[in-house]
Each structure stands twice: as structure tokens, then as C-alpha cells.
Amino acid sequence: MNSIDKQILAGLNQPQQEAVKHYKGPALVLAGAGSGKTRVLTRRIAYLIAEYGVNPGNILAMTFTNKAASEMKERANKLISEDMRSWVGTFHSFGATLLRKEAGKLGFKRNFSIYDTSDQKRMVKEIMQDLNIDTKQTKPSRVLNEISDAKNQLIRPKDYKVDKFNYLSEIVAQIYPLYQQRMKESNAFDFDDLIMKPCQLFTEYPKVKEYYNEKYKYILVDEYQDVNHAQYRLSQLLTGSENNIFVVGDPDQSIYGFRGADINNILNFENDFSNAKVIRLEQNYRSKENILKAAQSVIKNNSSRLDKDLWSERGEGDSIEFFEAATDKEEAGFIMEEAKKMNRSGRYSYGDMVVLYRTNAQSRSIEDVLRRNQVPYQIVGGLKFYDRKEIKDIVAYLRLINNPADTAALLRIINEPARGIGAKTLERVQDYAYANNISLFQSCQESEKNPELTKAYARKVIEFAELIAEFQGLENEITIDRLVSKILSKTGYESEILAKEGPKAQERLENIGELQSAMQEYLQDNDDGSLAGFLEEVALISDIDTMEDKNNFITLMTLHSAKGLEFPVVFLAGLDEGLFPHSNSMDDTSEIEEERRLCYVGITRAQDKLYILRAKNRFRYGESKYYAPSRFLNEIPDSLINCEEDGNYDSIDIKDNNNRNNNAKSSNYREGQQVIHPSWGIGKIKQVKEDKGTKLTIRFKDGKERELLAEYAPLQPVRR
DNA sequence: AGCACATGTTTTTTT
DNA sequence: AACATGTGCT
């Protein structure tokens, strides 16, 4: 064995080594939480190349997030000194890349757009309106869900069957075929298409399938417990006759059932491949024993599961701390105090801590308390950068420039900024498009010929089309970030923002500036630097991809986002019946079991310390409601838990006062004075008024004006 | 066409 | 409570 192989196998236990050394044929690695799954995956890639002499280009590894993919790639690169030329990426990016090459065979062009959920909704709504279906009675999002389910099941429009017991299905049966037809006319794929269409391609074109089977001889799939039927089919189709498919997963961590993930795919792997090698990784390297025990005592309440015996040598560790707060605010206060204490002790820094919750909405109260108490934090998910209006608008312009058939993009921006093209005009343009079987954009261009439009309105529409055409001419002349500048000035988007948005204007423009920086970064990393490439990256980016490591920040995220991550200290917030398990999942056994797996995922993120919290009263839907303790709490043996005594965490604001805010009086502030705030930086006081205490209006350097109460705000005067 | 105001809806999780 | 959507007025 040469030295590089030794390095690849170094520090691996017996079953891990067996997995890494696996060469040909099907293999299933049942990898318990924290058992070194990513390690096995990356090292096997390295081992295939270094020991078995496999050409890196013959390896295809698929993950669910870009973050997981880049981590895998990076780690494998380190093991073999060359820059690996294997494909490592997400299911969706693989699908997109494949379709970029093969779009023609399916009647699409390679400059296709990728529709996000709001584009999809827009299209469904349009179709429903055209068919005179009441969009209030039948919500487009429900229809869309049903279509998405069908696609994940690889049910094509013509195969979709009306279910008599499902009133929706009749409507969906009408809409689905039209939806797919319009997607094609728009030269666009949605997320589901990125998986479904490649399946279709491989099924309809055996030659194409053969080509890719030849190219990708070794298939690896991460998080196999979360693949849906379409993804399952895709990985089967990609697997050639040698059956070199290596999948890794943990049925106990299957948490995407709501998105079509089918846990049976992993449970039935041995049926699919009778000669499959099955390897179980049961040693946990992550958590202290108490944490592991708690996790197992919860998960064992699920009936349908493969039992496994996870163990750890990390020592017993501390008890799990449980705190029952009176309110969600107090829950947040407890987290803040505990985090501060640990940070002060020096044993853990803020970067070691994560707060996990079931729903994004829970982040607000926690955020508030952390901010007010100057505890640095970062949030994963929630309000996404690429979901901001100004970003989506600019991206829509770019999409239309890249793909003139992109109907959803056109509809978004035809009157943004307002150019006097209202609903009525738009309807006439659309009618003309349908009547003449041309794209909406073409219809715009030909508005002169449209008998329904008066000259003045036709002029406006044509001017819009000409503007887009002008940008299209620039596409290959200037870089994409410069193109955005052109759009900002030529469309009047920039002046419109400045004209009406006041203090928010600057923030919006800064966001667009941030988009341009992202573009510059993209140009540096990608030689071709094409608009299409950038748009694809934007479309497929996920929250977790943008999370930054280290830093001295507490991380806040949903349990779903936390999959695959680990932290020394975990705060599991909101263990209340109705919240977690969520009320929408409470009357269905299989959904409860998924909630329980989610709980298992949460607990097993913790390495050393686990805090579990709940609140008797929570503010939700704008009212305070009583909550009973989550059933999952009862499933953890008392012997593992230490109940925290009531502290007075609800009065944190008052404590703040004692700590430092003796400058709460108005006499301490004057208008025009400069102050510094821990999260918003330097600001200038615009106004001081007395209203339930001293209220300050401060304009911060980000351009936003905020009203703060002097009594509570952690402000410090700037000296000059 | 565009605004102000009113009403309705939302919160489960996401590539 | 926050936001999206809808309505009626100008």
C-alpha cells in the first residue's frame, strides 16, 4: 500500500474503511448521525482515483445542497493532490447542466430560464384566469403543489389521472398540461423539471443514456433517505450495467417527505440490487453519550424503521438542560443569558453555538433579544437576498434578456418601473400573442399590428420591447455587472427608486450593488462568465449555501437547514405541542414520525451541550396562545435532563438598565449627535421626543431610519 | 394608471 | 404582526 492510500484510510474505523475501499457494484452505507458520512464519501472518491486508477471524469457525486457539494469537492481535492475533474454537485445543478447540453432533444433551447416558485405561481394563476377558474376558491399554490407532486412521481400530464375523491385533481388535470405547454413556450424549466426532464430524456433516448452511462461509471449519492421518486429514477438511469452505485444515508434523518422524499427508496435499496453490499456506520464521533441517548430514546418511538445501535466514545457529558419559559420572549432571554455566560467563561465562543427552531417565524423574538443585548448572531434562511423585490426585478430583466421567451420575467417587469402599461393593455398584448401563436415578447414587438391597441399604447409597449432588444445587443459586448448598470439607468429603475422610496432607497440600491459584486466574483471564478451561467447559479442557490463558517456569531436556523451540520452547543427552541410537532402534522402518523425524525436531527447536531426550551405562552398569529409541552419531551428519560430553575429572564430589558443604560434620559441625547449601535453601526440622531420614555429617531449609515427607545437601546455616543 | 385604504392570509419545513 | 392582494377613488 503506498503512502497516499494510507493517508486516505488514516483514522478510519473498520466499517468506514470497508466503505471507502468498496470498488464495483452496488453499496448502501447506512450512516448514523455523526458517523463520518461525508468523510466516507470523500475518501471513497479519492480512493477510487488513487488506488483503483479510476479516471476522475468517470465519477458523479450528487448531493442536495451546493454547500455539501463544495465541501466534498474541497476535501477530496486535498486527498489527491490534483484538481479533481469529477462531477460533484446537487441533483438540480446536474439536471440543469445536462439540460443545457441536451435541451434541443426535448424541444427547448439551451438558454432556457429556471422558474422559481413565485414564477410558477404566476403561470398557474394566469392559466386559471384564462380558464375562468376562481383563484380564491382554489388557490394557485395548492394546484402548484399537486403539479409538483405529480412531477416528483414522474407522472406526465397525459398520465395524470383524476381522483374522484380529490376535488383538486379535476382542476389540476386541466391545468397541468397547459402549464407544461406554456413552460415550453417560455423556454423554461421549473425545479421539478430539472430532475424529471433528464429522466424523460434518458428514457426516450437510449443512446443518450448509454453515452452518460459510459461517461459516469461510478455514481455516488449523498442523503439518499431524502431522494424523491424522480431523483431515485434519475440515479437509477445514470447507473450503468455494472451497477456501480454507492449511496449513503440515514433513514432516521429523512425529513423532506413534504417535498416528495420517499424513505422507501433507501429502505428498499437491497431489493433493487440484490447483491448490494450493506455497510452500517454506527460509531458516532460527534456527540457526548447523554446527547446520543436522548436522541435514541426519541427516535425509537417511530414504528417503521431499521433499528440501529449508535454508540459514542466521547464520554457521558453534561446533562441536557431543559428550561420551561413563561413566554417566547423569556425563552429567548434564557438563550441570550446562557450564551453570554458561556462566551464569557471562554469555554465556548458564540461561533460554537446554534439556535434551532421548527419555523422561520420563531427567529424574530430570539433575534430581538440578541440584538438588544449586543450578542452577535447570523440567520440562515428567512428573508433571502435573492427574494428581495429589487433583486428579483433586476434578475427578471436579465432573464428576459437571456431568454426572450421567458413569460414570467416579462410579466414581472413590463410595468416596472411604471411605464403606463396597465392590466388592460397587457391583456391585449397577451391575447394577440395567443391568437398568433407567438411569444409574449414577440407580441410586444409587433404591437403596431395589434388592432386592439391604440397608437399611444402600442408605442409604450414597443418602446419597452426595444429597450430589451437594446440590452440583448449589449449582452456579449459588456460584462454582466455593467449590464446591470445600464439597466438601472436606461429603464429609469434607479431614478424611480430614488424618487419615491426615501430612506429605503439607499438600501435597495446597495442591494443591487451587492448583486453586482456577486457578479464580479462570478466573473473571476468562471472563465466564460456568461449571463446564462450566472442566472443558473442564482436560481439554484440555497440558504445554507450562503452561510458563513466560523466568525464569532451565534447561528440561528431552522431544523431543516441544520441537517448535516454540527455545533458544540445547540439550543433547541420551541418544544411545544402544536409548534413542534407542528399542528399541521399532528393528525397523521407518518407525518408525526417525520416530525420525530426532525427532532432526532436536531438533538444529534449537538456535540457537547444541548439545551432544550419551551414556552408556556407564545405570540403567534398576532395573539398570545397557550402551549402544552411537546410529546417529544416526554420521550427523553428524566435521568438525562436537568431542569433549570426559573430565573427572571423575561425582564432582560430591565436588567439592561442596571447594566449600563443610565443615559436613558433625553438630556443625554441631542439632535445631530452621532451614536454607535452594535448591529447597525454609526448613526446620527434626527429627532428626540418624549413618548413613553425617550424616543430617538436615528438615521444609520445603511441609510435606514430607526426609532429606538433610549431606555433600551444599546447606544454609545461617538466622541469627536 | 396609480394611490390609499381595507381586507384577507399567513407560518412548516425547501432545491 | 407583517405582508400580499383587492377595491374604490381620483
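Lettering follows sequence order; numbering is per chain, from 1.
Counting to the nearest Å, the P atom of C:dC3 and the CZ atom of A:R388 are 13 Å from each other. Rounded to a whole Å, the CG atom of A:N584 is 7 Å from the C1' atom of B:dT12. Separating the CZ atom of A:R618 from the P atom of B:dT12 is a distance of 15 Å, rounded to the nearest angstrom. In this structure, the CG atom of A:D368 is 12 Å from the P atom of C:dA1, given to the nearest Å. B:dT11 atom C1' lies 14 Å from atom CG of A:D328, rounded to whole Å. When rounded to the nearest whole Å, the span between CD of A:E595 and P of B:dT12 equals 10 Å. In this entry the distance linking CD of A:Q225 with C1' of B:dT13 reads 15 Å, nearest Å. When rounded to the nearest whole Å, the span between CZ of A:R259 and C1' of B:dT15 equals 5 Å.
Between A:Y216 and A:W87, the ring centre distance reaches or exceeds 6.0 Å. A:F189 has its ring centre no less than 6.0 Å from the ring centre of A:Y115.
Remark: A:R459 CZ is packed, more than 12 non-hydrogen atoms of other residues, nucleotides or ligands lying under 6.0 Å away.
A donor-acceptor pair under 3.5 Å is absent between the side-chain atoms of A:S443 and the main chain of A:Q430, judged by distance alone.
Along DNA chain B, the nucleotide nearest to A:R419 and the one nearest to A:T65 differ in position, and the one closer to the 5' end is contacted by A:R419. Comparing A:T117 and A:A361 against DNA chain B, the residue whose closest nucleotide sits nearer the 5' end is A:A361.
Here A:S561 reaches the OP1 or OP2 of B:dT14: one of its side-chain N or O atoms lies under 4.0 Å away. Contact check, A:N360 against B:dT14: a side-chain N or O comes under 4.0 Å of OP1 or OP2. Phosphate proximity of B:dT12 to A:T558: absent, as no side-chain N or O sits under 4.0 Å from OP1 or OP2.
The ring of A:F258 lies on top of the base of B:dT13, close enough and flat enough: under 5.5 Å between centres, under 30° between planes. Evaluation of A:H582 against the base of B:dT12 yields a stacking contact (centre distance < 5.5 Å, interplanar angle < 30°).
Residue contacts for A:F619: at a heavy-atom cut-off of 4.0 Å it reaches the sugar-phosphate backbone alone, with no base atom in range. Note on A:F64: only backbone sugar-phosphate atoms sit closer than 4.0 angstrom, heavy atoms only; bases stay farther off. Within 4.0 Å (heavy atoms only), A:A539 reaches no atom of the nucleic acid at all. Contacts of A:Y256 with the nucleic acid, taken as non-hydrogen atoms under 4.0 Å apart, involve only primed sugar atoms and P, OP1 or OP2. Residue-level contact check: A:N415 touches the backbone only, with heavy atoms under 4.0 Å from sugar-phosphate atoms and none from bases. Looking at heavy-atom distances under 4.0 Å, A:T425 makes contact with sugar-phosphate atoms alone, never a base.
Closest to the A:S585 side chain, of the nucleotides B:dT12, B:dT15, C:dG6, is B:dT12. Side-chain proximity of A:R620 to B:dT11, B:dT14, B:dT15: nearest is B:dT11.
Across B:dT12 and C:dT5, the matching C1' atoms stand 23 Å from one another, rounded to whole Å.
Screening A:R620, A:R614, A:R358 for a salt bridge (charged side-chain N to carboxylate O under 4.0 Å, His left out) involving A:D576 leaves a single residue, A:R614.
Atom OH of A:Y432 is separated from atom OG of A:S447 by 8.5 Å, given to the nearest 0.5 angstrom.
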